[in-house]
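Each remark here refers to the structure printed beneath this line.
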Amino acid sequence: MEAVFIYIAKSSSLMLMFYCAYFFLLRKETFFNSNRWFLLSGLVVSVILPLLTYTKVIWINASTDFNSNIQTSLINDAQQESADFNWNYFILGLYGIGLIIFAIKLAIDFYSLNSIIKGKKIKQQADFKFIDINENIAPFSYFEYIVYNSSLYTASELENILEHEKVHSDQNHTLDVLISRIFSIIFWFNPIVWLYKKAITQNLEFIADSEAAKKLLDKKAYQYTLLKITTHENCVAITNHFYQSLIKKRIVMLNKNQSKKRNSWKYYAVIPALAAFVLLFQIEVIAKERQNKNAKAVSKEMESVDVYKITKNSTDADLKELKENLKSIHHIDIKVSDIKRNSENELTSIKVDVINGKDKSQSIQIGDKTIKDFGIIVITDKDGKKKAGIQTTDEKIVVRKKLTLNDNTTKIKNATTNTETHVNTNSITSTKTNSDTSANTSTTVIVNTDNNTKVITTDGGSRVAVSNGAKTNIKISSSLVIVNGEEMPAGFDVKSIPNDNIESVSIFTGTNATGKYGSKAANGVIEIETKN
């Protein structure tokens, strides 16, 4: 929603810039045809330029508390979206009401035009279709149609009028009128668009006056005709009608000397303003984290980590944009399927497949009411190689006695105390030893994640292993060991830590491990916190 408001603000700003350039620099020049294309190009640029962005990547030092930052960001964004929801939709509702009103007005004008032309006798002459009516309406042209009431004018006046309208018809000025009308409907709330529309219409009259006067012998008689037509107040809004307000300005411009060619430099004055707009608003800065050399337990080989979040409020457009960003920035494909939403359009089910070359990751999120926030994590090492996977917001859950998180649980049983603890089976789990247990106390955790059973075992011999369905083990000898936030050297003997001094043991594998500690954690990470 915010993106829509930003786009409208940028488009309105560009429109204001072109209008100011016309009003202060070009309005009094006789480059009428050039002014026409300048004004039209201003509308086109105001629509297209806000959609074009240049991506600039800057590198920043990574935070030592990477996972905490992710969670905080997800929570803050979710809270902000919730707070802004009603306000955004209120503004959108007001905009929609105005849009409908002005669209209905356009439809009425088309109906009025059709009522005037329908059933009338048409006289074909070259590329023009002349219609002589009885109504007291100002002469006008609509594409190839030229409509007038011949009984109201003398032969010379009618000749002046028809020459004027032929210019409108021959140069397709109706398109300009319709384009400016459509813009005034879309940006109805912006007063500049109405001034812009008036400038376009007035400049078209300058063009028609100038071209018609070249073909007429008596320019003064043409000016008298302009004055006479001012008595006809009725006209059709979506046409080029002969009568316009500000007749004095038209006559002044008709008698004005041709502008000098050197004044054409004024058209290029808008270029620096456009360049400034691009530099200020159309350069998208993407911050990527690089290694923080002073941070503890951060991989020296890790260059950047990017996380693309998916929340319960993610729309189909958000998912499409996420897919495009992953493809364009990281060359990683994702497939999103099994999307289900509740009555409030919140995600209750989603399946995400992440494909990075031959590597594949999958996440299936199903909630009782809504899904939990999660993300797609992309890790880029110093050689430019990328790893991708799924990042959940609750990476580590410390298990405590007599704590039940939900019904979909796996039991953890302490062999000595016989107390049972339950943990969420869809998350990485860590175990906590009891301070009152002996050195022989053992704890076993069985966690089922996407039908892949992982077993974590600690015993009196300080042995820790993680196994999956294929019975592959990650042992201490090959895992990265972190004690109290400090990285231990290779071959560190965890037996040197007394069991009764261990506060907690946490296991990280796969992308969860490399996302936190880099490629050196490819064989898993064991985090140990001691009571000291």
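Counting from 1, the numbers follow the sequence of the chain as shown.
Taking CD1 from Ile329 and OG1 from Thr55, the interatomic distance works out to 6.0 Å, rounded to the nearest 0.5 Å. Interatomic distance, CD of Gln282 versus CG of Leu51, reported as 8.5 Å (0.5 Å rounding). The structure places CG of Leu347 at 6.0 Å from OG of Ser314, a figure rounded to the nearest 0.5 Å. Of the inter-residue distances, the one linking Lys335 atom NZ with Ile355 atom CD1 reads 4.5 Å to the nearest 0.5 angstrom. Remark: His330 NE2 to Asn325 CG distance equals 8.5 Å, nearest 0.5 Å. Summarising the geometry, atom CG belonging to Asn35 is positioned 11.0 Å from atom CG belonging to Leu40; distances are rounded to the nearest 0.5 Å.
Across all their heavy atoms, Lys387 and Asn356 have their closest contact at CA-ND2, 3.9 Å. Taking every heavy atom of both residues into account, Pro50 and Ser11 meet most closely at CG-OG, 3.7 Å. A pairwise comparison of heavy atoms in Gly375 and Val307 identifies CA-CG1, 4.4 Å as the closest pair. Minimum interatomic distance between Pro272 and Tyr268 (heavy atoms only, all atoms of both residues): CD-O, 3.4 Å. Across every non-hydrogen atom of Leu178 and Phe110, the tightest pair is CD2-CZ, 3.9 Å. For the pair Asp353 and Lys351, the tightest heavy-atom approach, listed with the atom from each and the gap, is OD2-CE, 3.5 Å.
Between Met488 and Ile482 there is no side-chain heavy-atom pair separated by less than 4.5 Å. Between Phe102 and Ile182 there is no side-chain heavy-atom pair separated by less than 4.5 Å. Annotation: side chain of Ile334 is not in contact with side chain of Tyr308 (no heavy-atom distance under 4.5 Å). The shortest distance between side-chain heavy atoms of Asp318 and Thr315 falls below 4.5 Å. With a 4.5 Å cut-off on side-chain heavy atoms, Asp176 and Asn203 do not count as touching. For the pair Ser13 and Lys10, the minimum side-chain heavy-atom distance is 4.5 Å or more. Two residues are said to be in side-chain contact when any heavy atoms from C-beta on lie closer than 4.5 Å; Ile185 and Lys105 fail this criterion. Inter-residue side-chain proximity for Leu16 and Tyr196 is flagged as unmet; no heavy-atom pair is nearer than 4.5 Å.
Tyr95 places a side-chain N or O within donor-acceptor distance of the main-chain N or O of Ile186, the cut-off being under 3.5 Å. Put simply, the side chain of Trp194 gets close to the backbone of Trp188: a donor and an acceptor are under 3.5 Å apart.
The number of heavy atoms from other shown groups lying within 6.0 Å of CH2 (Trp37) does not exceed 12.
Using a cutoff of 4.0 Å between basic side-chain nitrogens and carboxylate oxygens, Lys386 and Asp306 are not scored as salt-bridged. Remark: Lys327 engages Asp333 in a salt bridge, criterion side-chain N to carboxylate O under 4.0 Å.
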task: Test Tyr7 against Val47 for side chain to side chain contact (heavy atoms under 4.5 Å, CB included), laying out the working first.
output: CA-CA 9 Å; Tyr7 173 80; Val47 170; 3.4 Å; yes

task: For the pair Phe492 and Ile497, evaluate side chain to side chain contact (heavy atoms under 4.5 Å, CB included) and give the outcome as yes or no after the intermediate values.
output: CA-CA 10 Å; Phe492 174 76; Ile497 305 176; 4.1 Å; yes

Ile339 vs Leu319, side chain to side chain contact (heavy atoms under 4.5 Å, CB included): CA-CA, chis, key distance, verdict: CA-CA 11 Å; Ile339 294 178; Leu319 296 174; 3.8 Å; yes

query: Between Ile390 and Phe374, is a side chain to side chain contact (heavy atoms under 4.5 Å, CB included) present by the stated rule, with each step listed?
result: CA-CA 7 Å; Ile390 304 300; Phe374 68 103; 3.9 Å; yes

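Note on ring orientation: taking the six-membered ring where Trp is involved, the planes of Phe183 and Phe187 are parallel (angle under 30°, cut-offs 30° and 60°). By the 30° and 60° cut-offs, the orientation of the rings of Phe38 relative to Phe18 is tilted.
Side chains of Ser349 and Asp338: no donor on one and acceptor on the other come within 3.5 Å.
Partner Arg341 forms a side-chain hydrogen bond (donor to acceptor under 3.5 Å, both in side chains) with one of Thr348, Thr370, Asp316 and no other, that one being Asp316.
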